[in-house]
Amino acid sequence: MDVTAVLLAGSAGERMYPLCGVDDDAMFNDDANAKTSASNAPPTPKCLLPLAGSTPLALLIAAVKTAGLPNANIKVLAAPEIYPQISAYMQTNNPTIEITKLTVECGGSADALRQVKREKKVDPSHSILLLSSDLVLENASTLVGLVETHRSVCNDKKDSISLLFADFGHEDGDGVPVKESKKSKLGFLAREDEDIEFVGLAVKGGPMENDNLCAVSNPVKRLLLKVSRAEIDETEENVGDTPKLEIPKELVRAAIRNPQSSLSLRTDLVDLHAYVISPWVWGNLISCQPFETLQSIQHDIIPLLTKQQLSGFDAETSESCSIAPEEFTVAAHVLPRSAILALRVCTVPNYLHACKEAVTHSIRRPALHPSSLPSTFGRLEGTVHAKDNALFLEGAEKGSGGACKNSTVGKNSKIGSKCKINNCMIMDNVTIANGVTLQNSIISDGVTIEDGCNLNDCQVAPAVLVAAKTKVNGETLV
C-alpha cells in the first residue's frame with residue numbers, strides 16, 4: 001500500500017486569539033481603527049507558533065519523514081489567508097516539499113481533498129495520510145501504527161478510512177475518572193465541551209490498548225458511533241438537564257455479531273484529525289451523492305461513513321460508488337493512555353500544555369516499546385534545565401533569585417531578578433523586569449513587562465507593554 005501524506009493548514013486558528021487569527025469582536029467592531037488594525041495584522045498560523053525551539057509544522061514533517069515517507073510523498077495545503085506565511089516558511093525550511101494554495105471556495109478538509117483530486121496532486125492509487133498541520137506527536141511510531149492499522153483492514157475487497165484517537169482520560173488516586181472541570185487543577189489538560197465526543201468501538205476480543213506504538217492496533221477496532229456532546233445537547237427532542245444518547249439496534253447487532261466481540265462506548269477519546277483514507281474514498285466516494293456537498297472529513301464525512309458502513313452505499317449513491325457493507329470498514333487506532341504526547345495545538349490550553357510536555361518528554365521520556373522510533377523531542381535547541389523542567393533558547397537570560405519552572409524562554413528574552421515563572425511560554429525578544437510573577441501564561445514576541453506585575457492565566461499579544469504593578473487573572477492583553 002503506497003501512501004502520500006497531506007498536511008492541511010486550513011485556518012490561522014481563531015480559537016487561539018491573540019496568538020493567532022483575528023478576534024471575532026474586532027471583525028464586527030464599529031470602531032474604524034479597530035477594523036483597520038484587525039485586517040492589517042497578518043494572522044500567525046497556529047502551525048508556525050514556537051514550540052520547543054521549533055514549530056508544530058516542522059516537527060510534524062520530521063515525524064512523517066521518520067515514519068518512512070520521502071519529500072515527494074509529502075504535500076502541504078494552506079488556506080489563502082495564511083498561504084504567504086506558510087509558503088515563505090516552507091521555502092526556507094523544506095523547499096523541496098510541494099505546497100498548494102487552497103481555493104477561496106474551499107470550505108473544509110473534504111473540499112481540500114477534492115482539490116487534490118482535481119489538480120492531480122496525489123497519485124490516484126495512493127492512500128492519503130491526512131494530517132492537521134497543528135498536530136504534535138512525540139513519536140513517529142504513532143503514524144506508523146495508524147498506517148499499519150489501515151493496511152490490516154484494507155485489501156483488494158475492502159476499502160476503508162482509519163482514524164487516530166488519543167486517550168485523554170485520567171483517574172485520581174482511588175481510580176475514579178477525573179471530571180473535565182477538575183483536570184486543570186490536577187495538572188491535566190481539560191477539553192472544551194465542543195471537543196468531547198461519544199465514541200462507540202466494536203472490539204473483537206483482546207485488550208483495548210497495545211503498548212507497542214508501531215504495532216497494528218490489536219485487535220483492530222471498528223468505529224460504529226461518533227457523536228459530539230454538543231450535538232446531543234442541542235437535539236430538540238432532548239430537552240431538560242439530561243440529554244439522551246440513542247444507540248441504534250443495528251449498531252449493537254453489528255458489534256456483537258461475533259460472539260467474542262463487544263461494544264465499548266467512551267467519552268475519553270479525542271479525534272486527532274489524523275486519517276488514512278483509501279483511494280476509492282478520497283478519489284471517488286466524496287465526489288458522489290450524498291457526499292459531494294459535504295465539507296468536513298471529521299464532522300460530515302466520517303459520521304456518515306460510520307452509519308452507512310452497516311448498510312452499504314448502493315441505496316442512495318450512483319453505481320460507481322456502490323459497495324457492500326461487509327467490504328467497507330471505518331477503523332480506529334487508539335493510543336495508550338498517557339503513554340505518549342499526541343495532541344493538536346488548536347486552543348490556548350492545548351498549546352501551553354504542548355510547550356510544557358515537549359520539554360518534559362525530552363528530559364524524562366516514557367518507556368516505549370523497543371520497536372518505537374526516536375522521539376521527536378530528542379534533541380531540543382538551547383539549554384535544558386532538567387531540575388526545573390525549563391528550556392532557555394539562544395540568548396535567553398535570567399536574573400538572580402526567583403525561579404523559572406515548566407516553561408520555555410524564547411531567543412534573546414531577558415528575565416529580571418526575583419521573578420517567579422511557572423508553566424509559561426515566553427516567546428522571543430521579551431523583556432521581563434524585576435519581581436514579576438507569571439503563572440499559566442503565554443507572552444508573545446516583543447512584549448515588555450515592567451516591575452512587580454502578576455499575571456495568571458493570561459495571554460499577551462505581540463509588542464504589548466504591561467505597566468508596572470499590573471495584576472490580572474484570566475485576561476487577554478492586547
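Values below: every heavy atom of this structure, side chains too, minus hydrogens, waters and symmetry copies.
- For the ring-ring contact (aromatic ring centres under 6.0 Å, His included) test, residues two or more places apart in sequence or in another chain that qualify with F392 are H385.
- The nearest pair of heavy atoms linking L294 to L304 is CD1-CD2, 3.8 Å.
- Crowding of E394 atom CD: a count of heavy atoms from other residues, nucleotides or ligands under 6.0 Å not exceeding 12.
- Between Q459 and L477, every side-chain heavy-atom pair lies at or beyond the 4.5 Å cut-off.
- Rounding to the nearest 0.5 Å gives a distance of 10.0 Å between SG of C453 and NZ of K471.
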side-chain contact (heavy atoms from CB on, under 4.5 Å) evaluation trace for V76 with M90:
CA-CA 9 Å; V76 176; M90 293 297 295; 4.0 Å; yes
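- In this structure, I426 and I415 have side chains that are in contact, with non-hydrogen atoms separated by less than 4.5 Å.
- For the 3.5 Å distance criterion, the side chains of T55 and Y89 qualify, holding a donor opposite an acceptor.
- The distance from the CG atom of D134 to the CG atom of L59 is 12.5 Å, given to the nearest 0.5 Å.
- Here the closest non-hydrogen pair linking A9 and I86 is CB-CD1, 3.4 Å.
- Here the closest heavy-atom approach between residue A67 and residue L143 is recorded as CB-CB, 4.3 Å.
- Y275 places a side-chain heavy atom less than 4.5 Å from the side chain of I302.
- At a threshold of 4.5 Å between non-hydrogen side-chain atoms, the residues V430 and D445 do not count as touching.
- Between the CZ atom of R344 and the OH atom of Y351 there is a distance of 15.5 Å, given to the nearest 0.5 Å.
- Closest approach of E450 and L465 over heavy atoms only: OE2-CD1, 3.7 Å.
- Separation of atoms CD1 (I74) and OG1 (T96) is listed at 8.5 Å; rounding is to 0.5 Å.
- Between the side chains of N422 and N406, at least one donor N or O lies within less than 3.5 Å of an accepting N or O.
- Within the 4.5 Å cutoff, the side chain of I449 has heavy atoms near those of the I443 side chain.
- I297 CD1 to D111 CG: the interatomic distance, rounded to the nearest 0.5 Å, is 9.5 Å.
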Stepwise side-chain contact (heavy atoms from CB on, under 4.5 Å) test for T448 and V464
CA-CA 6 Å; T448 298; V464 167; over 6 Å; no
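- When the shell of 6.0 Å around NZ of K405 is examined, it contains 12 or fewer heavy atoms from other residues, nucleotides or ligands.
- Counted by atom type alone, K65 and N94 present one or more donor-acceptor pairs between their side chains at under 3.5 Å.
- Taking every heavy atom of both residues into account, S133 and L60 meet most closely at CA-CD2, 4.0 Å.
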Given the rule in the side-chain contact (heavy atoms from CB on, under 4.5 Å) test, do R114 and K117 qualify, once you have shown the distances and angles that lead to the verdict?
CA-CA 5 Å; R114 294 184 188 102; K117 176 188 176 183; 5.7 Å; no
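- For the atom pair CD1 of I277 and OG of S162, the computed distance is 9.5 Å after rounding to the nearest 0.5 Å.
- Residues N350 and T347 have side chains that bring a donor and an acceptor to within less than 3.5 angstrom of each other.
- The shortest distance between side-chain heavy atoms of P303 and V227 does not fall below 4.5 Å.
- Donor-acceptor pairing under 3.5 Å is lacking for the side chains of N429 and K414.
- Donor-acceptor pairing under 3.5 Å is lacking for the side chains of H273 and S132.
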Please walk me through it: do L163 and F165 pass side-chain contact (heavy atoms from CB on, under 4.5 Å)?
CA-CA 6 Å; L163 294 73; F165 286 99; 3.9 Å; yes
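- Using a 4.5 Å heavy-atom cutoff, the side chains of L343 and H353 are in contact.
- In this structure, I128 and V122 have side chains that are in contact, with non-hydrogen atoms separated by less than 4.5 Å.
- With no hydrogens or angles considered, no side-chain donor-acceptor pair links N456 and Q439 at under 3.5 Å.
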